[in-house]
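In what follows, a single structure is set out as structure tokens and then discussed.
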Amino acid sequence: GRRSLASAPEDKDPPKRIAVVGAGIGGTATAYFLRQEFGAAVKIDVFEPGTVGGRLATHNMGDYEYETGGAVIHPLNLHMKHFLERLGLSQRRDVPGKMAIFNGKELIFEESDWFIVNFLRLLWRYGFNFLRMQMWVESVLDKFMRIYQYQQFGYSFTSVEKLLHAMGGDDFLTLANQTLEEAMLGEGFSQSFLNDVVAPVTRVNYGQSVRINGFVGAVSLAGADPGLWAVDGGNKKVCSGLLYHSKAELIPARVTAISVKLRPSKAGITASLYEVNYVGDSGSAHSLYDIVIVATPLHQGKSDITFAGFSPPIPSQYPGRYHQTVTTLVHGLLNVSYLGTSEKPSTFSVSDVLTTDTKGSIINSLSSIDPVHIPPSYLRPPASESKVWKVFSPQPLSQEQLRDMFLSWDSTSETKWLAYPAYNPPHRRTPPFILHERLYYLNAVEWAASAMEMSAISARNLALLAHHRWNSQVGRIDQEDLHTRLRGEL
Ligand SMILES: Cc1cc2nc3c(=O)[nH]c(=O)nc-3n(C[C@H](O)[C@H](O)[C@H](O)COP(=O)(O)OP(=O)(O)OC[C@H]3O[C@@H](n4cnc5c(N)ncnc54)[C@H](O)[C@@H]3O)c2cc1C
Ligand SMILES: CC(C)=CCC/C(C)=C/CC/C(C)=C/CSC[C@H](N)C(=O)O
């Protein structure tokens, strides 16, 4: 393939052992790409105290299973698509639905079955803002897609900033360091369009306002594109599949500390190894590794790993915090009048209710959801029947709030996530990908944007970076102007 043509002919001995901390999509994709880069001989251990999948998780309700965490994937998320192909998984059958926007009192927009009706309504209210937004998101996505070509040619980046810059130049760095609101007002979008249309999208996807950074804002708007998909059987199947495919060993334990140990090597030169300390059901233990990849956020409430013996020191927790989103699944009957509509439940066919950023609003969104596997004759039940609704809110819902929203229910389930970063641009500095010589940090990428595909891109980047740094192949690291240099290459 095109990678091997340019790799150095005399690679040094491959590493013997590599550790990955965390078995979400980031950690399991890292194990998969590490195996691809370093070959069959290296032993890869993946540490995970919880369920494989991390923020990709499901819950059983009635006879079916439903996504409670990461749910939708973009049609242009090429790593996720590639994983499905390699693992023999398939996309879940799509059940079309309609969207509405709720301002806390009434529905200010309700999608019609007819494209032309939606188009004319939006044109009437917001002029060409809507079409221009689609063009703006597409232009960001066009540049974003360059990363796949760079990675296919084996190029890697030492920081989130350099990765963003390689995709979209200074424009992407500016975008990431200003708010979505500033970026869109600067592009000439109207404040009412931001309030009525853009904020509901950032609220459903990231639980936050239009003051998130412009880059994650564009990702969020891409998350409202048509053609979104999910994995048949549940998104977390990708994680267990990648783990199996990578022939990594899953160690069901929590990593407590990572320290650097100096060891004399064959040539008499002192080489450093990493000691990973962990606690599992059978007590605590430690092992030595040549390379370690941390694939869990190093933030308050997310993980608590001590880094010992490093100079400069590595903090257990980086500045900034993760934002809480509570997922409540309710198997019950919606109180349609809660949405201020006089429509009959039997004809109310909205599946996704987004919300504006109104003071006192307690929910971010309310969606009718389908099981992770859709049986052949499945039809989404109307609102007049008991079915599963998913509510995203910043705080847990009280019984009283649930009683306002639902006429009755058989069961509920609540998952409190520290879901994604609380985005307050301009951030001081994105955390580093490289914590130490051969110690890497995958979730730094979430400060640009948090999504399954972002973790997969970071995984590929770190596997390449770890490989090139191990073999001192500097020609594949932080190369400038790749877009021009690779033009015409397929
Ligand atoms: C409610 C919600 C909805 C979302 N919706 C979408 C969506 O629709 N589309 C989308 O693309 N993205 C979505 N996301 C974001 C997406 O889920 C995440 O970006 C992605 O899953 C992150 O994967 P990760 O592997 O990097 O991290 P995680 O999934 O968090 O994995 C980290 C793993 O590390 C483990 N771990 C923690 N500490 C230790 C330790 N000390 N030792 C060992 N292991 C440890 C954890 O148990 C966890 O399993 C959503 C997130 C949430 C919460
Ligand atoms: C990374 C790129 C280019 C695109 C990803 C687009 C995408 C799928 C964004 C969504 C991210 C996200 C955090 C969604 C959360 S909620 C999703 C859904 N609306 C739901 O109801 O679960």
Side-chain angles (χ1 to χ4, degrees), residues 19-30 46-57 66-80 99 137 140-141 144-145 147 167 201-208 215-216 218-225 228-230 235-236 238-239 251-258 276-280 294-299 301-306 316 322-327 351-352 354 364-369 390-392 415-421 442-446 448-459:
V20 178
V21 183
I25 185 66
T28 55
T30 301
V46 177
F47 292 90
E48 173 59 64
T51 314
V52 170
R55 276 173 275 171
L56 307 186
Y66 298 86
E67 299 283 357
T68 61
V72 294
I73 304 163
H74 193 274
L76 292 175
N77 285 170
L78 300 190
H79 285 320
M80 291 301 292
M99 186 270 288
V137 174
V140 173
L141 213 52
F144 181 92
M145 299 300 285
I147 192 63
M167 293 194 275
V201 176
T202 61
R203 284 168 62 78
V204 62
N205 284 336
Y206 290 100
Q208 296 164 71
F215 183 77
V216 69
V219 167
S220 185
L221 292 169
D225 273 348
L228 299 176
W229 56 280
N235 294 330
K236 70 178 181 189
V238 174
C239 304
I251 302 185
R254 186 169 58 85
V255 170
T256 51
I258 301 174
V276 173
N277 294 262
Y278 54 96
V279 186
V294 176
T296 178
L298 294 173
H299 283 277
K302 296 294 287 177
S303 64
D304 189 11
I305 302 170
T306 307
S316 286
Y322 268 60
H323 181 86
Q324 175 170 287
T325 288
V326 182
T327 306
S351 53
D352 288 278
L354 313 193
N364 295 335
S365 63
L366 164 75
S367 308
S368 161
I369 58 166
K390 179 172 79 177
V391 184
F392 283 148
T415 315
K416 252 194 228 165
W417 295 105
L418 281 177
Y420 12 67
L442 179 129
N443 296 78
V445 84
E446 286 190 74
S450 174
M452 295 175 228
E453 185 72 4
M454 294 303 293
S455 285
I457 287 172
S458 190

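Note: hydrogens, waters and symmetry copies are ignored here, and every other heavy atom, side chains too, is used. When a ligand or atom number is given, it counts from 1 through the structure's own listing order. Note that this is a predicted model, so its numbers are computed, not measured.
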Can Ile73 be said to touch ligand 1, with heavy atoms closer than 4.0 Å?
no
When rounded to the nearest 0.5 Å, the distance separating CE of Met99 from OG of Ser367 is 11.0 Å
Ligand 1 atoms in contact with Arg254 (distance to a heavy atom under 4.0 Å)
40 (C), 41 (N), 42 (N)
Passes side-chain contact (heavy atoms from CB on, under 4.5 Å), Asn235 versus Met452? Steps please.
CA-CA 10 Å; Asn235 294 330; Met452 295 175 228; 3.8 Å; yes
Should you measure from each heavy atom of Leu141, which atoms of ligand 2 turn up under 4.0 Å away?
3 (C)
Considering only non-hydrogen protein atoms, determine which one is nearest to atom 27 (O) of ligand 1 and report residue, atom name and distance to 0.1 Å.
Arg55 NH2, 3.1 Å
What part of Lys390, side chain, backbone, both or neither, has a heavy atom within less than 4.0 angstrom of ligand 2?
side chain
Atom 6 (C) of ligand 2: the protein heavy-atom neighbour that sits closest, reported with distance to 0.1 Å:
Val219 O, 3.6 Å
So which protein heavy atom does atom 36 (N) of ligand 1 come closest to, and at what separation?
Thr296 OG1, 3.7 Å
A student checking ligand 2 against Val204 at a 4.0 Å heavy-atom cut-off should list atoms 16 (S), 19 (N)
If you count the atoms of ligand 1 from 1 in the order shown, which ones are under 4.0 Å from a heavy atom of Ser455?
22 (C), 23 (O), 24 (P), 26 (O)
Can you tell me if Leu442 contacts ligand 1 (heavy atom of the residue under 4.0 Å from the ligand)?
yes
The one among Ala295, Ala419, Pro49, Ala23 that brings a heavy atom closest to atom 52 (C) of ligand 1:
Ala419
Do any N or O atoms from the side chain of Glu446 and from the backbone of Met454 form a donor-acceptor pair under 3.5 angstrom?
no
Between Gly207, Ala230, Gly223, Ala448, flag the one that comes closest to atom 7 (C) of ligand 2 by a heavy atom.
Gly223
For atom 23 (O) of ligand 1, grab the closest protein heavy atom and report residue, atom and distance to one decimal in Å.
Ile25 CG2, 3.4 Å
Between the side chain of Ser458 and the main-chain N/O of Leu442, is any donor-acceptor distance below 3.5 Å?
yes
For ligand 1, which atoms, with element, lie under 4.0 Å from some heavy atom of Ser303?
38 (N)
Is the His323 ring parallel, tilted or perpendicular to the Tyr420 ring (thresholds 30°, 60°)?
parallel
Is there a polar contact, in the sense of an N or O pair closer than 3.5 Å, between Val72 and ligand 1?
yes
Quick check: does any side chain N or O of Ser220 sit under 3.5 Å from a backbone N or O of Asn205, one acting as donor and the other as acceptor?
no
Please step through side-chain contact (heavy atoms from CB on, under 4.5 Å) for the pair Ile457 and Phe144, ending with a clear verdict.
CA-CA 11 Å; Ile457 287 172; Phe144 181 92; 3.5 Å; yes
I'd like to know if the side chain of Glu453 reaches the main chain of Ile73, judged simply by a donor and an acceptor atom lying under 3.5 Å from each other, with no hydrogens or angles considered.
no
Within a distance under 4.0 Å of any heavy atom of Ile305, pick out the atoms of ligand 1 and give their elements.
41 (N)
Enumerated ligand 2 atoms positioned under 4.0 Å from heavy atoms of Phe392
16 (S), 20 (C), 21 (O), 22 (O)
For Asn364 and Gly207, the nearest pair of non-hydrogen atoms, with its separation, is ND2-CA, 3.6 Å
Atom 7 (C) of ligand 1 sits nearest the protein heavy atom Ala71 N, 3.4 Å
Number the atoms of ligand 2 from 1 as they appear, then name those within less than 4.0 Å of a heavy atom of Asn205, with their elements.
12 (C), 13 (C), 14 (C), 15 (C), 16 (S), 17 (C), 19 (N)
Which residue and heavy atom of the protein sit nearest atom 34 (O) of ligand 1, plus the separation
Gly22 CA, 3.2 Å
Suppose we measure from atom 35 (C) of ligand 1 to each protein heavy atom; which comes out shortest, and what is that distance?
Glu48 OE1, 3.3 Å
Any donor-acceptor N/O pair, Arg55 side chain to Ala419 backbone, under 3.5 Å:
yes
of all protein heavy atoms, closest to atom 2 (C) of ligand 1 is Gly69 C, 3.7 Å
Measure Asn77 to ligand 2 on non-hydrogen atoms and call it side chain, backbone, both or neither using the 4.0 Å cut-off.
side chain
Measuring from atom 18 (C) of ligand 1, which candidate in Gly70, Ser450, Pro297 has the nearest non-hydrogen atom?
Ser450
At a 4.0 Å threshold, what atoms of ligand 1 neighbour a non-hydrogen atom of Gly54?
29 (O), 48 (C), 49 (O)
Shortest protein contact, atom 8 (C) of ligand 2 (heavy atom only):
Val72 O, 3.4 Å
Under a 4.5 Å cut-off applied to non-hydrogen side-chain atoms, are Lys236 and Val52 in contact?
no
So if I count the atoms of ligand 2 from 1 in the order they appear, which ones are less than 4.0 Å from some heavy atom of Ala71?
22 (O)
Full working for side-chain contact (heavy atoms from CB on, under 4.5 Å) between Met145 and Leu78:
CA-CA 9 Å; Met145 299 300 285; Leu78 300 190; 3.8 Å; yes
Do Ser365 side-chain atoms and Leu354 backbone N/O form a donor-acceptor pair below 3.5 Å?
no
Work out whether the distance between some heavy atom of Gly53 and some atom of ligand 1 is less than 4.0 Å.
yes
Could you give the distance from CG (Asn443) to OG (Ser455), rounded to the nearest 0.5 Å?
5.5 Å
Quick check: does Ala451 get an N/O under 3.5 Å from an N/O on ligand 1?
yes
Ignoring angles and geometry beyond distance, decide whether Asn443 reaches within less than 3.5 Å of ligand 1 through its nitrogen or oxygen atoms.
yes
Check: Gly26 main-chain N/O paired with Thr30 side-chain donor or acceptor under 3.5 Å
yes
Are any side-chain N or O atoms of Trp229 and backbone N or O atoms of His74, one a donor and one an acceptor, separated by less than 3.5 Å?
yes
Counting N and O atoms only, with roles assigned by atom type, does the side chain of Thr202 sit under 3.5 Å from a partner on the main chain of Gln208, one being a donor and the other an acceptor?
yes
Return the closest protein heavy atom for atom 11 (C) of ligand 2 as residue, atom name and distance.
Tyr206 OH, 3.5 Å
Atom 42 (N) of ligand 1: nearest protein contact (heavy atom, Å):
Val255 N, 2.9 Å
Just how far is it from atom CG of Asp225 to atom CG of Leu76, taken to the nearest 0.5 Å?
8.0 Å
Just verifying a value: how many Å separate Thr256 OG1 and Tyr278 OH, rounded to the nearest 0.5 Å?
10.5 Å
Nitrogen or oxygen atoms of Met452 and ligand 1 under 3.5 Å apart
yes
